[in-house]
Amino acid sequence: DWTLWADAFLNSSCAMGVATNSSEKCHNVHSVVEFFSYPTEVLKLPVSERKELFRKMTKTSDPGGFAPDSFKATANMSYLEEAVMMVVMGTLIGGPLAAFFVGVYVLLFGSWTANLIFFSVLGVLVLHPLPRVDGAAFASKTAQFSMYRYFSYRLMWTGDSVEKAEALGQWLGAAAPHGVLPMANILSMPAINAIMGIPFMGAAASAVFRAPLLRYLTLLGCIDVSGPAMAKAIKDGYAVGMNPDGIAGIFKCNHDKEVVFLKERKGLAKLCLRHGIPLVPAYSVGNSEAFNLWFDPFGVMEGASRQLQTSLFIYWGRLGLPIPRRVNVTLLIGQPIQVTKVEDPTQEQVDALHEQLLCAMKETFDTHKAALGQGHKEMVFV
């Protein structure tokens with residue numbers, strides 16, 4: 001029909017680099033918030049004052065956007081604070097890796113007693129109930145600002161993208177790539193909740209909720225990434241953020257290009273159409289640079305990871321340990337996409353919305369990459 005044809009035309013125009021008048025107007029002014037520069041007292045303010053402070057802390061460009069490399073610098077951080085964060089993150093993020101290697105060693109060389117002790121402790125770490133806490137409240141009790149400084153965490157957008165998302169209230173945000181660990185996505189949970197004052201939940205793979213030590217990061221405010229769980233959270237009044245390329249995207253991680261495994265993954269578009277959920281395209285700059293990873297060249301580990309819905313690979317960062325490198329991490333927010341509810345969408349409707357998401361994601365990255373010192377990188381969908 002006419003609407004579908006018009007959507008397809010706009011998508012193809014965007015893919016070819018043809019800018020519409022509204023796109024030019026929207027991209028005329030860019031904005032950024034540097035969360036690492038926030039005063040910690042913000043967490044004591046009521047929500048209305050947090051939102052007002054967010055607007056005051058927003059830096060706005062001249063028409064045409066920020067100059068190249070404007071936000072390439074890292075945040076100031078003491079050696080002691082950096083060392084503490086390395087220990088904390090190494091413990092949480094390295095938990096699954098340590099459990100694997102220690103488990104293999106104990107199985108091969110340990111006594112029956114050693115095996116009993118190890119697997120009893122592992123069972124407790126994996127299965128003990130996590131406390132029910134409010135994500136924003138938990139974030140205010142953690143070293144979230146140290147994490148912001150460690151990653152020089154920023155939020156960047158064009159025009160009125162953030163204002164529109166805030167006005168919508170409930171939406172589904174899609175931010176790729178996954179990388180070894182989606183640091184920008186993790187940091188967005190306390191940032192959007194505790195600082196911006198927007199009720200927000202992150203969606204994580206089921207395996208994360210059972211990963212030793214790593215599972216404690218879900219206390220920042222996580223739900224399962226399944227479609228019904230996300231739709232329910234949105235119905236309950238939350239905005240939800242997720243990583244659309246998921247576990248499969250980990251195996252496409254590349255330091256030279258921004259490779260996103262999303263070309264044929266259209267389940268997100270179908271979910272949004274069936275429930276009429278607004279879709280917010282986003283991109284996480286820095287996710288693919290925090291770690292290196294290794295997996296076999298034959299696809300065995302990748303195939304097993306998909307079947308088991310858990311990630312099986314070797315990863316390392318600083319000092320050859322499971323500690324993320326101190327790279328700049330920025331979450332880019334695109335223009336929200338309004339979605340009309342269609343209980344039984346056609347393949348053409350799903351394809352059109354999916355293409356619109358890909359187009360918006362690439363446009364968002366290309367718009368801001370130079371200001372972040374990433375002008376040499378290209379985004380590739382596979």
Side-chain angles (χ1 to χ4, degrees), residues 7 130 132 135 165 168-179 181-182 184-186 188-189 192-193 198-211 215 217-218 220-252 260-284 287 305-311 331 333-334 336-361 381-382:
D7 285 343
L130 293 176
R132 291 184 175 273
L168 285 172
Q170 292 78 51
W171 39 264
L172 183 56
H178 191 288
L181 197 67
N185 310 51
I186 292 170
S188 72
M189 290 187 285
I192 296 175
N193 259 315
I198 298 175
F200 180 81
M201 301 286 283
S206 302
V208 175
F209 293 89
R210 295 301 181 191
R215 63 196 296 246
L217 290 176
T218 64
L220 291 172
C222 271
I223 58 171
D224 188 83
V225 76
S226 66
M230 292 191 293
K232 182 180 184 303
I234 291 171
K235 185 178 180 180
D236 291 343
Y238 289 94
V240 174
M242 55 88 71
N243 191 285
D245 54 349
I247 291 174
I250 298 174
F251 296 90
K252 309 300 179 184
V260 183
F261 186 65
L262 197 57
K263 193 172 183 179
E264 300 299 331
R265 294 170 65 94
K266 303 177 182 180
L268 179 61
K270 184 178 292 186
L271 174 69
C272 289
L273 283 165
R274 284 178 172 173
H275 295 274
I277 300 171
L279 183 58
V280 176
Y283 198 77
S284 303
N287 277 2
S305 296
R306 294 194 193 186
Q307 291 296 322
L308 299 173
Q309 288 300 295
T310 188
S311 49
L331 182 64
I333 304 295
I337 301 170
Q338 290 282 9
V339 179
T340 301
K341 184 176 181 178
V342 181
E343 292 187 1
D344 188 20
T346 64
Q347 189 59 51
E348 288 78 10
Q349 290 171 317
V350 172
D351 290 344
L353 180 57
H354 179 71
E355 184 63 26
Q356 194 174 357
L357 171 63
L358 298 188
C359 177
M361 193 176 286
F381 292 107
V382 294

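Numbering of residues begins at 1 and proceeds along the displayed sequence. Below, each value reflects all heavy atoms present in this structure, side chains not excepted, and no hydrogens, waters or symmetry copies. Remember, it's a predicted structure, so these values are computed and weren't measured experimentally.
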A.B. asks: Mind checking what makes side-chain contact (heavy atoms from CB on, under 4.5 Å) contact with Thr218, not counting sequence neighbours?
C.D. replies: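 Here the qualifying residues are Leu130, Val208, Phe209, Cys222.
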
A.B. asks: Could I get the full list of side-chain contact (heavy atoms from CB on, under 4.5 Å) partners for Ala229, not counting sequence neighbours?
C.D. replies: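 With neighbours one apart ignored, the set is Asp224, Ser226.
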
A.B. asks: What is the minimum heavy-atom distance between Tyr238 and Phe200, and which atoms define it?
C.D. replies: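 Nearest pair, atom of Tyr238 first, then Phe200: CD2-N, 3.8 Å.
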
A.B. asks: For residues 266-283, please give each side-chain donor-acceptor pair under 3.5 Å, one per line with the distance, not counting sequence neighbours.
C.D. replies:
unit_1	atom_1	unit_2	atom_2	d
Lys266	NZ	Asp351	OD1	2.8
Tyr283	OH	Glu258	OE1	2.6

A.B. asks: For Thr340, give me all partners under side-chain hydrogen bond (donor to acceptor under 3.5 Å, both in side chains), at least two apart in sequence or on another chain.
C.D. replies: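 So Thr340 forms no side-chain hydrogen bond (donor to acceptor under 3.5 Å, both in side chains) with any residue.
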
A.B. asks: Which heavy atom of Ile223 sits nearest to which heavy atom of Ala233, and what is that distance?
C.D. replies: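 Shortest heavy-atom contact: CD1-CB, 3.7 Å.
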
A.B. asks: First locate atom CG of Asn243, then atom CG of Leu262, and finally report the distance between them rounded to the nearest 0.5 Å.
C.D. replies: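 Result: 9.0 Å between the selected atoms.
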
A.B. asks: Please list all pairs meeting salt bridge (Lys or Arg N to Asp or Glu O under 4.0 Å) that have one or both residues in residues 236-251, counting only residues at least two apart or in different chains.
C.D. replies: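 Every pair satisfying salt bridge (Lys or Arg N to Asp or Glu O under 4.0 Å) with a residue in residues 236-251: Lys232-Asp236.
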
A.B. asks: With a cut-off of 6.0 Å (strictly less than), are more than 12 heavy atoms of other residues, nucleotides or ligands near CD of Gln347?
C.D. replies: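 Yes, because the 6.0 Å sphere around CD of Gln347 holds more than 12 heavy atoms from other groups.
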
A.B. asks: Any idea which heavy atoms bring Met242 and Ala203 closest together, and the distance?
C.D. replies: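 Looking at all heavy atoms of both residues, the closest pair is CB-CB, 3.9 Å.
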
A.B. asks: For the atom pair NE2 (His354) and CD (Glu264), what is the distance rounded to the nearest 0.5 Å?
C.D. replies: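 Output value for this atom pair is 6.5 Å.
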
A.B. asks: How close do Ala174 and Met361 get, counting heavy atoms only, and between which atoms?
C.D. replies: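 Minimum heavy-atom separation between Ala174 and Met361: O-CE, 3.7 Å.
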
A.B. asks: Run the side chain to side chain contact (heavy atoms under 4.5 Å, CB included) check on Gln349 and Leu353 step by step: do they pass?
C.D. replies: CA-CA 6 Å; Gln349 290 171 317; Leu353 180 57; over 6 Å; no

A.B. asks: If only atom types and distance count, is the side chain of Asn185 paired as donor or acceptor with the main-chain N or O of Ala175 below 3.5 Å?
C.D. replies: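 Yes.
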
A.B. asks: Within this structure, what is the CD1-OG distance for the pair Ile198 and Ser188, rounded to the nearest 0.5 Å?
C.D. replies: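 One gets 11.0 Å once the value is rounded to the nearest 0.5 Å.
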
A.B. asks: Using the side chain to side chain contact (heavy atoms under 4.5 Å, CB included) rule, take Gln338 and Leu168 through it: C-alpha gap first, then chi angles, then the decisive distance, then the call.
C.D. replies: CA-CA 9 Å; Gln338 290 282 9; Leu168 285 172; 3.2 Å; yes

A.B. asks: Taking only residues two or more places apart in sequence, or in another chain, which ones meet Ala184 in a side-chain contact (heavy atoms from CB on, under 4.5 Å)?
C.D. replies: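 side-chain contact (heavy atoms from CB on, under 4.5 Å) check on Ala184 returns Tyr153, Ser284, Asn287, Val329.
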
A.B. asks: Considering only heavy atoms from C-beta outward, does the side chain of Ser305 approach that of Phe251 to under 4.5 Å?
C.D. replies: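 Result yes, sub-4.5 Å side-chain heavy-atom pair found.
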
A.B. asks: Do you know which two heavy atoms are closest between Ala205 and Ile247, and how far apart they sit?
C.D. replies: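 Where Ala205 meets Ile247 most closely, the heavy atoms are CB-CD1, 4.4 Å.
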
A.B. asks: For the residue pair Lys263 and Phe381, what are the closest heavy atoms and their distance?
C.D. replies: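 Minimum heavy-atom separation between Lys263 and Phe381: CD-O, 3.9 Å.
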
